[in-house]
Novice: 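Have a look at this one before I ask anything.
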Amino acid sequence: MKYLSTRGHDLIDFATAIQSGLAPDGGLYVPQTFPKIKLENLPYAELVTALIKPFVKDSPLEQQIADICEKAFNFPVPLTQLNDNTQLLELFHGPTVAFKDFGARFLAECMNRLATKKMTLMIATSGDTGSAVASAFHGKENIQVVILYPEGKISERQAHQINCWGDNILSLAVQGTFDDCQRLVKSAFTNANWQAYTHLSTANSINIGRLLPQMGYYAYSSLQYFQQYGVGARFIVPSGNLGNITAAFWAKQIGCPITEIVAATNANAIVPDYIRTGNFEPKRSVETLANAMDVGNPSNFERLKYLFQTHESFAENMPAYAVTDAQITDTIKETYQKYQKIICPHTATACYVRNQLSDKPWIVVATADASKFEETIEPMLNIEIPVPPALQLLLKKPSHFISVVADEEVIFNTVKKYFS
Ligand SMILES: *Cc1c(COP(=O)(O)O)cnc(C)c1O
């Protein structure tokens, strides 16, 4: 299997694609083809192995993929019933209790096996990516990790989950927005100082090594859904940078029984606006309750555009709805009152959208455990949210981070000093 850039044609293998993150022409890597893969209900890690195998063919990782999947996916992926015609695909049973564990853990296993000399991963995060990547890469000796997050704009608990690692994980609290963080990471890739200092890569959702394994849970749950209802699954995906939903479309491409995929965004309505108007207009992100989705310029739009080609096809295939903070709040309250289920603000955007759609059975993709957002949810529901054991473990560790201004040179010098 070869990979090409959304903006060009140079074909490279899987190992090269995950190690470089962004393509040299500024585009994002996509598989050259989507082979139809015949899948059957299997234990999770085995199913993902079968699914990923064609995508790592002819790369140095081909023979190790079963072992990689066994190590990366060592937690449950339950599909639970919320009501008669709504299921929750619970993607928050990994070590940092959000779905980003899937991509981060797979990528860490791959990169660790590929790294022959020291390399640096640099990532911008609006919350959950940072903790998932830090957890997945902590202690991997050939990889140093730099994490940038917007200081004060993510919850204390989220920040702690990024700051609690130390060692090969440098946590930078940037005085700016998530978009500033993302811009700083992008600019490092074209900066000569960085190139001279280290081999730089990224673990953001632009990295193909995070996207591919995310097809796994769409395959797994759509097969179960098909068995239950005899028709293809319908998913609603809480979306920000659009990585998760891109994986859903790719799973459909390879032949998983999926009929509909709908995006739910928060007030950062870039995609719903694009679908309505045909104009893709990135904006400064606004802060919402679903802060891991506060993205004003979703990177993976480029991959979806590459897949759909035209605005018409995009709009036809991917309905998208924006959900306000007030609607998120109402949905969290209503879901708790009706079903005694505590959902996170991101999951709430998809639950809200679900309530606007048909009676047909839908799967709401539940992206994080509510206990990560206790500051938001506890006052709403007037309860104390139980903290899952995985999270309790992290919260007990001490915190390490450096606060920096949103400046390229300051960040470069801080990183060099920390790892010297
Ligand atoms: C990252 C994240 C999202 C958004 O996923 P994208 O792939 O960026 O669209 C949704 N919910 C949670 C909890 C997240 O951490």
Side-chain angles (χ1 to χ4, degrees), residues 28 88-104 107 123-136 149 153-155 157-159 161-162 178-179 181-182 202-208 210-215 217-218 235-251 261-266 268-272 285 288-304 318 320-323 328 332 342-353 364-374 376-377 391:
L28 305 180
L88 291 181
L89 176 57
E90 297 189 2
L91 302 180
F92 50 77
H93 297 280
T96 69
V97 302
F99 86 90
K100 300 218 166 62
D101 282 327
F102 287 87
L107 184 66
I123 68 157
T125 179
S126 53
D128 297 328
T129 299
S131 50
V133 167
S135 157
Y149 67 86
K153 295 207 168 58
I154 67 178
S155 82
R157 213 175 249 187
Q158 272 184 319
Q161 290 167 75
I162 300 170
F178 171 65
D179 294 333
C181 296
Q182 210 168 26
T202 177
N204 267 0
S205 66
I206 58 174
N207 192 302
I208 189 82
R210 277 189 43 192
L211 275 190
L212 292 175
Q214 291 183 353
M215 288 189 284
Y217 44 78
Y218 290 106
F235 291 101
I236 307 166
V237 186
S239 295
N241 221 7
L242 305 173
N244 200 2
I245 201 164
T246 299
F249 280 102
W250 287 2
I261 301 167
V262 174
T265 73
N266 58 25
N268 293 281
I270 313 299
V271 175
S285 59
T288 75
L289 294 175
N291 65 11
M293 293 160 38
D294 290 349
V295 182
N297 186 6
S299 311
N300 287 294
F301 178 80
E302 190 159 330
R303 284 194 171 108
L304 289 168
M318 196 180 116
Y321 303 94
V323 180
I328 289 174
I332 290 174
I342 311 170
I343 54 171
C344 87
H346 312 82
T347 306
T349 63
C351 281
Y352 176 83
V353 170
V364 165
V365 176
T367 50
D369 190 276
S371 63
K372 277 195 123 158
F373 309 95
E374 94 290 1
T376 312
I377 301 173
L391 188 52

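Start at 1 and go down the list; that is how both ligands and their atoms are numbered.
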Novice: Looking only at distances, can you tell me whether any N or O atom of T129, backbone or side chain, sits closer than 3.5 Å to an N or O atom of ligand 1?
Specialist: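 Between T129 and ligand 1 (N or O atoms, distance only) the closest approach is not under 3.5 Å.
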
Novice: What are the atoms of ligand 1, with element, lying closer than 4.0 Å to any heavy atom of A292?
Specialist: 1 (C), 2 (C), 12 (C), 14 (C), 15 (O)

Novice: I'd like to check the side chain to side chain donor-acceptor pair (under 3.5 Å) partners of T288; sequence neighbours left out, ordered by chain and number.
Specialist: N266, D294

Novice: What atoms of ligand 1 come within less than 4.0 Å of a heavy atom belonging to G243?
Specialist: 6 (P), 7 (O), 9 (O)

Novice: Would you mind listing which atoms of ligand 1 come within a distance below 4.0 Å of any non-hydrogen atom of N241?
Specialist: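 Within the 4.0 Å cut-off of N241, ligand 1 contributes 6 (P), 8 (O), 9 (O).
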
Novice: Please verify whether a non-hydrogen atom of S239 lies at under 4.0 Å from ligand 1.
Specialist: yes

Novice: Could you check if a side-chain atom of Y217 sits within less than 4.5 angstrom of a side-chain atom of N244, using non-hydrogen atoms only?
Specialist: yes

Novice: Regarding atom 1 (C) of ligand 1: of the candidates H346, K100, M293, R210, which has the closest heavy atom?
Specialist: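 The nearest heavy atom belongs to K100.
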
Novice: May I ask you to decide if T96's main-chain N or O and K372's side chain share a donor-acceptor pair within less than 3.5 Å?
Specialist: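 Checking the backbone N and O of T96 against the side chain of K372, a donor-acceptor pair under 3.5 Å is found.
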
Novice: Which residues satisfy the ring pair (Phe, Tyr, Trp, His ring centres under 6.0 Å) test with F99, sequence neighbours excluded?
Specialist: none

Novice: Give a yes/no on ligand 1: does F99 have at least one heavy atom closer than 4.0 angstrom to it?
Specialist: yes

Novice: Distance under 4.0 Å to a non-hydrogen atom of A368: what atoms of ligand 1 satisfy this?
Specialist: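 In order of number, 13 (C).
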
Novice: Rounded to the nearest 0.5 Å, what's the gap from NE2 on H346 to OG on S239? Could you check?
Specialist: 11.5 Å

Novice: Without swapping roles, check the side chain of S155 against the backbone of Q158 for a donor-acceptor pair under 3.5 Å.
Specialist: yes

Novice: Does the N or O separation between F373 and ligand 1 drop below 3.5 Å for any pair?
Specialist: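 No: no nitrogen or oxygen of F373 is under 3.5 Å from one in ligand 1.
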
Novice: Heavy atom under 4.0 Å from ligand 1: found in L242's side chain, backbone, both, or neither?
Specialist: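 It is the backbone that touches ligand 1; the side chain stays farther off.
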
Novice: Between the main-chain N or O of I206 and the side-chain N or O of N300, is there a donor-acceptor pair closer than 3.5 Å?
Specialist: no

